[in-house]
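For clarity, every value in this text was computed on a predicted model and none was experimentally measured.
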Amino acid sequence: MKLHKQIFIVFFILVLLTGGRARAEVINVSVAASMTDAFKKLEAVFTPDHPDIAIQYNFNSSGSLARQIAQGAPADIYVSANTKWMDYLAGKGVIDVPSVRVFAYNHLVFIGKKDLKVRTMIDIGGLDRIALGSPASVPAGQYAEQAMRAAGMYSDLLAQKKLVMAKDVRQALMYADRGEADGAFVYKTDALLAQNAVILFTVPGNLYTRVSYPMALTRTGKDKPAAGVIYDFINSKNALAILQSFGFTGP
């Protein structure tokens, strides 16, 4: 009987725990890939104080996420790495426009092996393989293209087939870190995660639009109080401190 009683108690506890998770409201948050680690940390801080709210993340390039949301993918909060894709969704009528807010900034850098003699934009012209997120959907790639065009070199590098297009900024980072590309354009926050590659230079800010991260509730998220709680937390001072620890800067 004693054994049966112990089994019953364990079963009862498991039911309670499972039931608690089942009652938690799931909020879908679509986040630009460059904020993956920062948002996982935000979740770790947020969840203990809000056991009734479960966050379901979708990390991808801002463009891919925007297209998914426009096509009906579940999303209550959208975080983009530039304003272009936020404006795109606003035009589609799926964003709660009053909730759009830039909450963080970043910087574009060029990374590669420590002994690589590259210190300026002009220097990258001598490389054979330069990785960047595909400008068609990856904001980091769009910023990189903008900087290379401003430096008068994008068309030549493209024609010489020296540009290696990655699906997102993390893949561009991986190419450079593994030596599969001579170097890569990535965000400063991503560069800090590299194991082998180092920051060779910071891309001059006058060559590209400032890297900004707008966030907004979607039309479905607007009607969910739990989504509003997450939104407010991301805009809090505690969240800003976490973002800054990952290399982002605040508004």
Side-chain angles (χ1 to χ4, degrees), residues 31-36 59-68 70-71 80-89 91 105-214 247:
V31 183
S34 55
M35 277 204 159
T36 299
F59 295 109
N60 209 324
S61 67
S62 299
S64 295
L65 293 173
R67 293 190 185 101
Q68 290 172 13
Q71 293 171 5
S80 176
N82 68 3
T83 57
K84 171 187 173 180
W85 291 109
M86 186 65 75
D87 292 341
Y88 167 81
L89 285 181
Y105 295 98
N106 212 334
H107 302 282
L108 193 67
V109 299
F110 190 81
I111 65 171
K113 292 182 179 180
K114 186 184 303 184
D115 58 353
L116 197 63
K117 295 182 179 179
V118 173
R119 296 294 179 268
T120 67
M121 289 291 292
I122 299 302
D123 294 337
I124 70 173
L127 302 178
D128 294 323
R129 291 173 60 82
I130 301 165
L132 68 155
S134 174
S137 61
V138 184
Q142 293 165 10
Y143 294 125
E145 177 185 347
Q146 190 178 13
M148 285 185 278
R149 286 192 183 280
M153 58 198 315
Y154 184 78
S155 296
D156 288 340
L157 292 173
L158 191 62
Q160 295 168 20
K161 298 182 178 180
K162 290 188 173 184
L163 301 180
V164 180
M165 303 301 180
K167 67 176 183 179
D168 56 37
V169 68
R170 289 298 175 87
Q171 188 175 66
L173 172 73
M174 180 185 69
Y175 286 157
D177 207 29
R178 292 181 178 179
E180 296 170 5
D182 298 317
F185 285 99
V186 300
Y187 295 126
K188 177 183 177 182
T189 51
D190 292 299
L192 299 177
L193 302 175
Q195 297 180 357
N196 302 305
V198 299
I199 296 177
L200 299 175
F201 67 88
T202 299
V203 179
N206 64 326
L207 297 182
Y208 64 99
T209 306
R210 189 178 186 185
V211 182
S212 57
Y213 289 80

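A donor-acceptor pair shorter than 3.5 Å cannot be found between the side chains of Ser137 and Ser134. Side chain to side chain, Tyr88 and Ser80 fail the donor-acceptor criterion of an N or O pair below 3.5 Å.
The shortest distance between side-chain heavy atoms of Met165 and Leu158 falls below 4.5 Å. Taking 4.5 Å as the limit, every side-chain heavy atom of Met153 sits out of range of all side-chain heavy atoms of Asp156. Counting heavy atoms from C-beta on, the side chains of Gln68 and Asn60 come closer than 4.5 Å. Counting heavy atoms from C-beta outward, Phe201 and Val203 have side chains that approach closer than 4.5 Å.
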Original post:
Between Ser155 and Arg149, does a side-chain contact (heavy atoms from CB on, under 4.5 Å) hold up when you go through it step by step?
Top reply: CA-CA 7 Å; Ser155 296; Arg149 286 192 183 280; 3.8 Å; yes

**OP:** Please lay out, stage by stage, how Ser34 and Tyr213 fare under the test side-chain contact (heavy atoms from CB on, under 4.5 Å).
**Re:** CA-CA 10 Å; Ser34 55; Tyr213 289 80; 2.8 Å; yes

Subject >> Stepwise side-chain contact (heavy atoms from CB on, under 4.5 Å) check, Val211 with His107 >> reply: CA-CA 6 Å; Val211 182; His107 302 282; over 6 Å; no

Subject >> Asn106 and Thr189: CA distance, side-chain angles, deciding distance, side chain to side chain donor-acceptor pair (under 3.5 Å) verdict >> reply: CA-CA 7 Å; Asn106 212 334; Thr189 51; 2.8 Å; yes

**OP:** For the pair Leu116 and Leu127, evaluate side-chain contact (heavy atoms from CB on, under 4.5 Å) and give the outcome as yes or no after the intermediate values.
**Re:** CA-CA 10 Å; Leu116 197 63; Leu127 302 178; 4.1 Å; yes

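Asn196 CG to Lys114 NZ: the interatomic distance, rounded to the nearest 0.5 Å, is 10.0 Å. Interatomic distance, Thr36 OG1 to Leu193 CG, rounded to the nearest 0.5 Å: 9.5 Å.
Contact record, Ala194 with Ala197: CB-O, 3.5 Å, taken as the closest heavy-atom pair. Taking each heavy atom of Ala166 and Val138 in turn, the nearest pair found is O-CG2, 4.1 Å. Residue Gly125 comes nearest to Leu157 through the heavy atom pair CA-CD2, 4.2 Å, listed as atom of the first residue, atom of the second, then distance. Listed here is the closest heavy atom pair of Tyr143 and Ala81: OH-O, 3.0 Å. Taking each heavy atom of Arg67 and Trp85 in turn, the nearest pair found is NH2-CH2, 3.4 Å.
Of the candidates Ile199, Leu132, Ile130, Phe110 forms a side chain to side chain contact (heavy atoms under 4.5 Å, CB included) with just one, namely Ile130. Phe185 pairs with exactly one of Val169, Leu173, Ile124, Ile111 by the side chain to side chain contact (heavy atoms under 4.5 Å, CB included) rule, that one being Ile124.
Put simply, the side chain of Gln146 never gets that close to the backbone of Leu207: no donor and acceptor are under 3.5 Å apart. A donor-acceptor pair is defined here as one N or O able to donate and one able to accept, closer than 3.5 Å; such a pair exists between the side chain of Asp123 and the backbone of Thr120. Between the side chain of Gln142 and the backbone N or O of Pro135, at least one donor-acceptor pair lies under 3.5 Å. Between the side chain of Tyr187 and the main chain of Ala140, a donor-acceptor pair closer than 3.5 Å is present. A side-chain donor-acceptor contact under 3.5 Å links Asp177 to the backbone of Gln195. With hydrogens and angles ignored, the 3.5 Å screen pairs a side-chain donor or acceptor of Asp182 with a backbone N or O of Asp128. A donor-acceptor pair under 3.5 Å links the side-chain atoms of Gln171 to the main chain of Lys167, judged by distance alone.
Residue Lys113 places its NZ atom among 12 or fewer non-hydrogen atoms of other residues, nucleotides or ligands, all under 6.0 Å distant.
Of the charged side-chain nitrogens involved, at least one lies within less than 4.0 Å of a carboxylate oxygen, so that Asp190 and Arg170 count as a salt-bridged pair.
For the pair Arg129 and Tyr175, the cation does not sit on the ring face, since its NZ or CZ is not both under 6.0 Å from the ring centre and inside 45° of the axis.
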